[in-house]
Amino acid sequence: MAKSAHSIFINGKWVECSSSARIREIQNPATLETIDRVYDCGNEELDLAATAARKAQRDWCRMPGVEKAVLLHEVAKRIRQHERELSSLMTRETGKPLWESIDCIDWVAACFDYYAEVGRSSRGSSLPPVAAHQVNFTVKEPYGVVAAIVPFNFPLLLMSWKVAPALAAGNTIICKPPHQNPLSNLLLAKIAYDVLPPGVVNVLTGDGDLGEALVQHPEVDLVAFTGSTEVGRKIAAKAGAQLKKVNLELGGIDPFVVFEDADLDVAVEGVAWARLLNSGQVCTSSKRIYLVNAIADQFTEQVVRYVQKLKVGNPEKADIDLGPLISNEAAQKVESQVRRAVEEGAKLLVGGKRIQPSGLRGHFFEPTVLTDVRHGSLCTREEVFGPVISLIRVKNADEAIEKANDSHFGLGACVYTRSLEYAMKAMENIKAGTFWVNDPLTDNDAGPFGGMRWSGIGRELGEEGLDAFREPKHVHIDYVMERKPYWYPYSHRKRASPEHHG
């Protein structure tokens, strides 16, 4: 009998869901063709995964760091060996242009390599004692079982940012890939996770119901989530009821300031890439572009010409720059947001509508440029998750910095300038978890990533990303067993009595 849907990965084995589990089709957002079918897992599958993860964690957390490092390096090696297979599937299920998918697989492998090295040499620190013949140190211990929940835009990369440090820290993990495109995570389990002991990594498929069940499951000790601020708030509330730890990377409406001394030929292309990458479906994409008056007209003319040259189409072709949005609902929302922006006074210079390039039936949206966007309007207060460049004119550098910082969010911020003074003043005054100068959206595995304000709690990547998956224990040792002079009875104390103090 042929299987009805893709199996799930629990305790090192591929298993079928219960007969009552719903089945969903996974569509190619460019062609609307069905790629595969997956289960929406329920409590039965979740309980199996949680039991396997808890059991595996007892031995995994005690495995020597050097042995964990060997296994994580092997995961990275297998990812690179299957780069084409992974990137091709990712493009088909996300709509991400092929080159972006290939780059993404490289970053995923690098993340496992990075935490293989950091994890094997980081456990705690030595502390100065408070008295003679004493030793103090900290031991950083894993939380236990981690639930990892990620969105559709970077399904493998954002998952690796959780899986690699969680494992390096000694946790085991239950992964819930995005319900729109879980297939590349299932493929990764097939080609790489079988090198790990059974139960260390488990992969379940499902929608928000599964995510909610994961958050509230009694065997889950920590929830690592990337997604919208709205959902992040709900997760924090549900986890907080159980005093469960969370690490939340949430939405952003990131500013990008182009100062008057910027090289506009570079800045135009940099801004376009920072905003249109993955068809604008990036949490750190630059959604508010502030242009000082001195260069605003020239920048606007150049960016329109540049955007009109970009190719939209089948993302599996190597010469395509932008693919589709993830769903019909996503395209409808962006179209509505552009229409509302124009109603608020913005001027539409190019794009602004859905298209069907080369007869494709998918969810394509033209790269769009809006000018005369008013600070405080929709495009500066509501996250537009699509290929829309919003240009906001300001008088000078001080106004640009002030308005760039005027937001409830604080995920990232970018500037283009040759001026050290401008760069440092912007960095000091704009609240953002990552601040890029002249090189937008470049990540560094060794640098912490995460948001301030409404953009999240905690950090991923870097040593901070490892610490997000472990908690410190202070160890105090006195290697001489003796009576302490400050114990009862207090009548033996030699100092002046308390009433004499002061």
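All values reported here derive from a predicted model rather than from experimental measurement.
- Within the cation-pi definition used here (under 6.0 Å to the ring centroid, within 45° of the axis), Lys96 qualifies as a partner of Phe154.
- More than 12 heavy atoms of other shown residues, nucleotides or ligands fall within 6.0 angstrom of atom CH2 in Trp14.
- With hydrogens and angles disregarded, no donor-acceptor distance shorter than 3.5 Å links the side chain of Lys176 to the backbone of Leu214.
- Applying the ring-ring contact (aromatic ring centres under 6.0 Å, His included) test to pairs two or more places apart or on separate chains, none has a residue in residues 40-91.
- Asn278 places a side-chain N or O within 3.5 Å of a backbone atom of Asn153 that can act as its donor or acceptor partner.
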Assess the residue pair Ser184 and Glu93 against the criterion (side chain to side chain donor-acceptor pair (under 3.5 Å)); give the C-alpha distance rounded to whole Å, side-chain angles, the decisive distance to 0.1 Å, and a yes or no. CA-CA 8 Å; Ser184 52; Glu93 70 168 344; 2.6 Å; yes

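- Ion pairing of Glu141 with Arg470 is absent here, as no side-chain N (NZ or NE/NH1/NH2) approaches a carboxylate O to less than 4.0 Å.
- The neighbour count for Lys245 NZ, taken as heavy atoms of other residues, nucleotides or ligands under 6.0 Å away, does not exceed 12.
- Other residues, nucleotides and ligands place no more than 12 heavy atoms under 6.0 Å from the NE2 atom of His408.
- Few gaps surround CD on Glu74; more than 12 heavy atoms of other groups in view lie less than 6.0 Å from it.
- The salt bridge (charged side-chain N to carboxylate O under 4.0 Å, His left out) check on Glu382 picks up Arg340, with sequence neighbours excluded.
- Heavy-atom contacts from other residues, nucleotides or ligands closer than 6.0 Å to CD of Glu67 number more than 12.
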